[in-house]
Amino acid sequence: MPNDLVTLKALSAELNFTLAGGKIEKIYQPEKDEITLNIRSKGQKYNLVISCNAQNPRIHLTSFKKENPITAPSFCMHLRKYLTSGIIESINILGEDRIFDIAIISRTEMKDIVKLHLIAEMMGRYSNVLLLNSNFIITDAIKQVSFDAATKRCVLPSCKYTMPEQTKLLPSNKSGITELLNDFKGGDLAKYLCNGISGLSFITAEEIIFKAGIDKNAIPLNVDKLVLYINKFFNIFGSDMYSPCISTDSDGNSLDYFVTNYNSQNLTFKKCDNLSCAIEALTLKKDIDERHREKAKHLFNAIKKYKNRNQKKLQKANEKLNECDKMDEYKKYGELITSNLYKLKKGDEYLQCVDYYNEDMPEITIKLTPQYSPSKIAQDYFKKYNKLKRTLDIILKQIDETEEDLKYIDTVEQTLTNCNLSADLYQIEQELYQIGAIKKMKTKMPKSAKEGSPILYEYENFLIAVGKNNFQNDKLTFKTANGGDIWLHTLNYHGSHTVIFTDGENPPDNVITFAAQVAAFYSNGNQNDKVPVDYTLKKFVKRNPNGKPGMVTYTNQKTAYVKPCEYKEYIKD
């Protein structure tokens with residue numbers, strides 16, 4: 001993405017146009033490196049998200065609401081103390097770098113008017129959010145750094161805020177840029193511009209050259225025209241060129257966001273209402289997926305270790321099972337030795353006799369232990385037989401239990417991909433704790449937190465619920481649903497329990513198909529074009545005797561083959 005100064009400067013101008021004069025009503029910190037400001041401006045409410053996530057730094061208006069922690073982090077409390085009810089004076093780029101300066105007029109506890117600066121540095125892994133006083137002294141930062149040798153900066157409360165050093169020409173330095181272009185001796189012009197001018201990405205440099213109609217192989221360059229278009233791009237907001245958009249592939253999937261159509265890239269573009277909409281369309285899913293991976297990382301690791309442990313256990317059990325194949329052979333040897341005791345004596349090394357267990361009755365040779373009597377050798381073979389017989393019963397039971405545990409942990413792993421809320425993740429952590437996959441609960445669920453609940457759909461006046469973990473599956477199927485409701489689950493795939501609440505009515509086929517598609521989506525078969533989904537009345541669904549939540553048996557089912565689909569537009573808020 002061209003998240004360069006061209007894009008950020010246009011974004012700051014757009015945000016300034018929308019939010020300047022707005023009042024900050026609420027402040028949240030849903031993630032350790034992200035804050036959200038609820039702002040009322042010009043009679044409208046806006047949510048401004050500022051994230052300094054190393055992989056996905058961004059600032060834009062958003063319509064997506066995240067779950068906030070029960071206890072606000074210290075940085076959030078610091079911002080609330082100084083910025084709540086503050087008025088946004090302006091939003092500008094600071095020092096022609098990828099740094100947003102949100103100037104805010106606020107009041108102290110003594111009702112004195114003060115000017116504060118909320119700084120958002122959008123610089124990859126060095127991104128940060130800081131609050132400065134009117135003298136540009138840091139009062140707090142979301143990422144505090146004692147001293148960074150790479151940036152040569154100290155980011156701690158009471159330190160003077162210093163900007164990163166600039167080693168390239170600033171975009172406003174027209175004379176310097178003109179001189180730079182006059183010195184161009186040939187080669188990759190776009191790369192030359194990126195190396196010489198601050199805040200310019202390679203893809204934007206290519207578009208500037210394209211828009212200016214410059215032949216990059218022609219020497220000397222049309223310097224005046226190139227300088228003109230460089231200036232146009234760095235001041236694109238409000239011009240006739242400004243047209244926020246996203247590029248898409250042939251399937252309509254979003255690829256990138258731009259301040260204008262980058263025609264040099266031969267892409268398909270879709271116009272957006274504003275730059276914030278374009279940024280959210282590109283970054284929201286990436287952010288949700290990354291946050292989910294981060295929050296659930298310890299759970300995924302616990303599942304992986306549990307599976308590895310049980311797979312090794314299963315492998316050893318199967319090796320033992322192979323040993324039990326010799327069980328009948330040991331019994332046969334014992335009986336053959338017993339029946340031939342009359343011709344054996346202590347010290348014999350072999351017994352040659354007829355194998356009357358075989359229809360052809362061939363002669364076989366049985367190895368003996370010379371230091372033992374023949375009767376003791378026979379008894380030893382019988383002992384081996386009895387030991388392996390007992391072992392067989394234990395091993396078969398152990399294999400069944402281990403395979404059942406592996407099936408169960410697969411269902412937990414599948415449901416984990418569908419959970420984002422803390423309550424849902426907490427319930428999965430409880431499951432893992434109960435089966436011994438984790439020794440100690442990492443998080444504690446506050447009493448005031450809402451209990452995780454199934455995903456609810458409304459389609460053709462029917463309510464459809466999908467469990468997000470095995471606890472929810474169990475509760476949905478055996479406590480919430482009635483006997484006449486329709487229960488669905490994927491066949492041969494791990495997935496969520498899905499229930500159509502019928503209220504005594506018979507749902508039409510299109511409702512059952514809809515619910516089956518949703519059930520297929522929330523399964524590990526959702527990458528396939530056709531997924532078999534069983535459906536039956538809830539009264540035909542019984543708990544599995546193993547007692548694990550979410551594990552069931554059912555009868556009287558029918559099977560529908562459907563294409564998985566999420567149907568987001570039918571999800572109830």
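Being a predicted model, the structure only gives us computed values, none of them experimental.
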Do the ring centers of [X] and [Y] come within less than 6.0 Å of each other?
X	Y	answer
W487	Y554	yes
Y570	F514	yes
Y457	Y567	no
F462	F501	no

Looking only at atom types and distance, does a side-chain atom of [X] sit under 3.5 Å from a main-chain N or O of [Y], one as donor and one as acceptor?
X	Y	answer
Q414	N524	yes
S247	D256	yes
N469	I428	no
K143	S127	yes
K468	S453	yes
N358	D360	yes
E319	N322	no
T477	D474	no
D485	N482	yes
N526	Y522	no

Does a donor on one side chain and an acceptor on the other come within less than 3.5 Å for [X] and [Y]?
X	Y	value
E431	N470	yes
Y408	E404	no
D534	T559	yes
T204	Y262	yes
T7	D4	yes
T411	H494	no
N53	E290	yes
Q265	E206	yes

Non-hydrogen atoms of [X] and [Y] that approach each other most closely:
X	Y	value
F478	K542	CZ-C, 3.8 Å
V531	G525	CG2-O, 3.2 Å
T490	A520	CG2-CA, 3.7 Å
A516	V533	O-CG2, 3.5 Å
K346	P374	N-CD, 3.9 Å
P69	P30	CD-CA, 3.9 Å

Rounded to the nearest 0.5 Å, what separates atom [atom1] in [X] from atom [atom2] in [Y]?
X	Y	atom1	atom2	result
T402	I395	OG1	CD1	9.0 Å
T369	I377	OG1	CD1	5.0 Å
I142	E121	CD1	CD	12.0 Å
R98	M122	CZ	CE	10.0 Å
K270	S254	NZ	OG	6.5 Å
L488	K538	CG	NZ	14.5 Å

side-chain contact (heavy atoms from CB on, under 4.5 Å) filter on Q379, not counting sequence neighbours, yields F382
Quick check on [X]: does its [atom1] atom have over 12 non-hydrogen neighbours (other residues, nucleotides or ligands) under 6.0 Å away?
X	atom1	value
K539	NZ	no
D393	CG	yes
F300	CZ	yes
E359	CD	no
N556	CG	yes
K479	NZ	no
Y372	OH	no

Answer yes or no: is there a side-chain heavy-atom contact under 4.5 Å between [X] and [Y]?
X	Y	value
L282	K286	no
I438	E429	yes
E401	K313	no
N528	P564	no
R153	V145	no
I337	L351	yes

**Prompt:** For K66 and D287, what are the C-alpha separation, side-chain angles and deciding distance, and is it a salt bridge (Lys or Arg N to Asp or Glu O under 4.0 Å)?
**Reply:** CA-CA 11 Å; K66 285 190 175 183; D287 180 68; 2.6 Å; yes
* Would K384 count as a cation-pi partner of Y330, with NZ or CZ less than 6.0 Å from the six-membered ring centre and within 45° of the ring normal? -> yes
I'd like to know if [X] and [Y] make a salt bridge, using a cut-off of under 4.0 Å between side-chain N and carboxylate O.
X	Y	value
R291	D33	yes
R58	E34	yes
K387	E323	no
D410	K407	no

Residue set satisfying side-chain hydrogen bond (donor to acceptor under 3.5 Å, both in side chains) with E280, at least two apart, ordered chain then number -> T62
Residues at least two apart in sequence or cross-chain that pass side-chain hydrogen bond (donor to acceptor under 3.5 Å, both in side chains) with Q311, listed by chain then number, are none
Next item on the list: Step by step, work out the salt bridge (Lys or Arg N to Asp or Glu O under 4.0 Å) result for K307 and E413.
Entry: CA-CA 10 Å; K307 288 174 76 172; E413 186 174 27; 3.0 Å; yes
task: List the steps and the verdict of salt bridge (Lys or Arg N to Asp or Glu O under 4.0 Å) for D348 and K345.
output: CA-CA 6 Å; D348 288 342; K345 64 181 183 299; 3.4 Å; yes
